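Quick caveat: nothing in here was measured; it's all calculated off a predicted structure. Protein chains get the first letters and strands the later ones, always in sequence-line order, with residue 1 at the start of each. Computation of the quantities below employed the complete heavy-atom set of this structure, encompassing side-chain atoms and omitting hydrogens, waters and symmetry-equivalent molecules.
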There are 2 protein chains.
Amino acid sequence: MDFKLETFLPYRLNLAAELVSQRFAAQYRARYRMTRPEWRALAALGSYGRMTATEIGANSSMHKTKVSRAVRALEEKRWLKRSEDLDDRRIEHLELTPAGRRIYGEMVVLAHDYERDLAGLLGAGGLRQLEAGLAAIEAKLAVPARRRAPKD
Amino acid sequence: MDFKLETFLPYRLNLAAELVSQRFAAQYRARYRMTRPEWRALAALGSYGRMTATEIGANSSMHKTKVSRAVRALEEKRWLKRSEDLDDRRIEHLELTPAGRRIYGEMVVLAHDYERDLAGLLGAGGLRQLEAGLAAIEAKLAVPARRRAPKD
DNA sequence: CTCAAGTGGTTGCAGATGTAACTGTCCATT
DNA sequence: AATGGACAGTTACATCTGCAACCACTTGAG
């Protein structure tokens, strides 16, 4: 019956994720009144350009309702605009407005700064090990990106 | 302006934490209708014995309202009992009931099984690197456990 | 002894979340 | 054409969460 929460991997991983995310989230929360789903959607659109809501969800691992709400919030901030697809009217294409792209640019700077800070804190070795560990998790546990209907 | 969410450390860490936690959480959710705060409180009490709510919070990194609600839930399940402190009536001591200890024992088995599974999936190397990375984060970013009022 | 400040714990409230159900649209089969 | 299933996206609802305010109690300064 020897068990300690403090050494339990899921717990440690959650705690570490919170520690690392919170400090960055504090910035976009304070500066831009942005939530995490909004930041993720903004980041996806900023780096890939025009996307659909479903694609944003796949790219940033968010549930479609989260994406839907984030998109609406960004739209209300006038950082994103929707446009219809002429071939398939279920789809809507999403794209950052010039204002949205400006915010994205500022956020990218903040993100790089933050990664630099982290690298300094963790040291080259710590960072490398962390990334290797994360890569192992991603390789073994990530939901395989939707397959194109193989045989079955 | 090169930035990809998929390589951003806070994002990767969150995703990894979710991947690793969800599979374990699914077990106690399904088997015992337990939430994560309840599991953490149960684990703290199970491994350390009698504690106060504040101590549980410190040990499992939970906000005091989360602890308060988790404690009430465990009490309603009859897995925990409160008792008063004779010297300081603000404090309540919390302790698992025999039923609570039984559940804790079962959970410890599940937790060990899960860690074994993870170790198998990640491989010895991956696991070791991950733990080293987490240790670096904990060392540099964790909120230092409340100090005993040094000079200042 | 008294009173202000601090502490342990609870609760009201507003915001965030996932599930499931829904709308509107497309497409394959008939 | 008609229809049933699949899909994009939205919404209603129940639950969870953190913050701030709160209550009861303790402590220390005067």
Determine whether a donor-acceptor pair (N or O, by modelled atom type, separation under 3.5 Å) exists between the side chain of [X] and the backbone of [Y].
X	Y	value
A:Tyr114	A:Val20	yes
B:Tyr28	B:Leu110	no
B:His112	A:Asp2	yes

Report the distance from atom [atom1] of [X] to atom [atom2] of [Y], rounding to the nearest 0.5 Å.
X	Y	atom1	atom2	result
B:Met51	B:His93	CE	NE2	12.0 Å
A:Ile137	B:Leu13	CD1	CG	8.5 Å
B:Gln27	B:Asp113	CD	CG	8.0 Å
A:Leu121	A:Leu127	CG	CG	11.0 Å

Protein-nucleotide distance ([X], atom [atom1]; [N], atom [atom2]), rounded to Å:
X	N	atom1	atom2	value
B:Glu92	C:dT7	CD	P	18 Å
B:Leu94	C:dG9	CG	P	7 Å
A:Ile56	D:dT10	CD1	P	10 Å
A:Glu55	D:dC7	CD	P	15 Å
A:Glu75	D:dG9	CD	C1'	13 Å
A:Asp85	C:dT25	CG	P	13 Å
A:Met62	C:dT17	CE	P	9 Å
B:Met51	C:dG8	CE	C1'	15 Å

- Query: Does atom NZ of A:Lys4 have more than 12 heavy-atom neighbours from other groups under 6.0 Å away?
  - Reply: yes

- Item | Crowding at CZ, B:Arg82 (>12 non-hydrogen neighbours, <6.0 Å) | yes

Check ion pair [X]-[Y] (N to O, under 4.0 angstrom):
X	Y	answer
A:Glu75	A:Lys81	no
B:Arg89	B:Glu84	no
B:Glu138	A:Arg12	yes

- Item | DNA chain C contacts made by residues 28-43 of chain A, counting heavy atoms under 4.0 Å | A:Thr35, A:Pro37

Could I get a table of every N or O pair under 3.5 Å where one atom is in the protein and the other is in nucleotides 21-25 of chain D?
{"residue": "D:dC25", "atom": "OP1", "partner": "B:Arg89", "partner atom": "NH2", "Å": "3.1"}

- Task: Using heavy atoms and a sub-4.0 Å distance, could you list which residues of residues 65-74 of chain B are near DNA chain D? By number, please.
- Result: B:Thr65, B:Lys66, B:Arg69

- Query: Which pairs, with at least one residue in residues 51-62 of chain B and sequence neighbours excluded, count as a salt bridge (Lys or Arg N to Asp or Glu O under 4.0 Å)?
  - Reply: none

- Task: Please state whether the phosphate of D:dC19, meaning OP1 or OP2, lies under 4.0 angstrom from any side-chain nitrogen or oxygen of B:His63.
- Result: yes

Return the polar atom pairs (N/O with N/O) between nucleotides 1-5 of chain C and the protein under 3.5 Å, or none.
none

Side-chain donor-acceptor pairs of residues 29-43 of chain B under 3.5 Å, sequence neighbours excluded:
{"residue": "B:Tyr32", "atom": "OH", "partner": "B:Glu106", "partner atom": "OE1", "Å": "2.3"}
{"residue": "B:Thr35", "atom": "OG1", "partner": "B:Glu38", "partner atom": "N", "Å": "3.3"}
{"residue": "B:Thr35", "atom": "OG1", "partner": "B:Glu38", "partner atom": "OE2", "Å": "3.0"}
{"residue": "B:Glu38", "atom": "OE1", "partner": "B:Lys77", "partner atom": "NZ", "Å": "2.5"}
{"residue": "B:Arg40", "atom": "NH1", "partner": "B:Ser60", "partner atom": "O", "Å": "3.1"}

- Query: Side chain of A:Thr54: nearest nucleotide among D:dT10, D:dA8, C:dG9?
  - Reply: D:dA8

- Nearest-nucleotide wise, let me know which of B:Glu18 and B:His93 is further upstream toward the 5' end of DNA chain C. B:His93

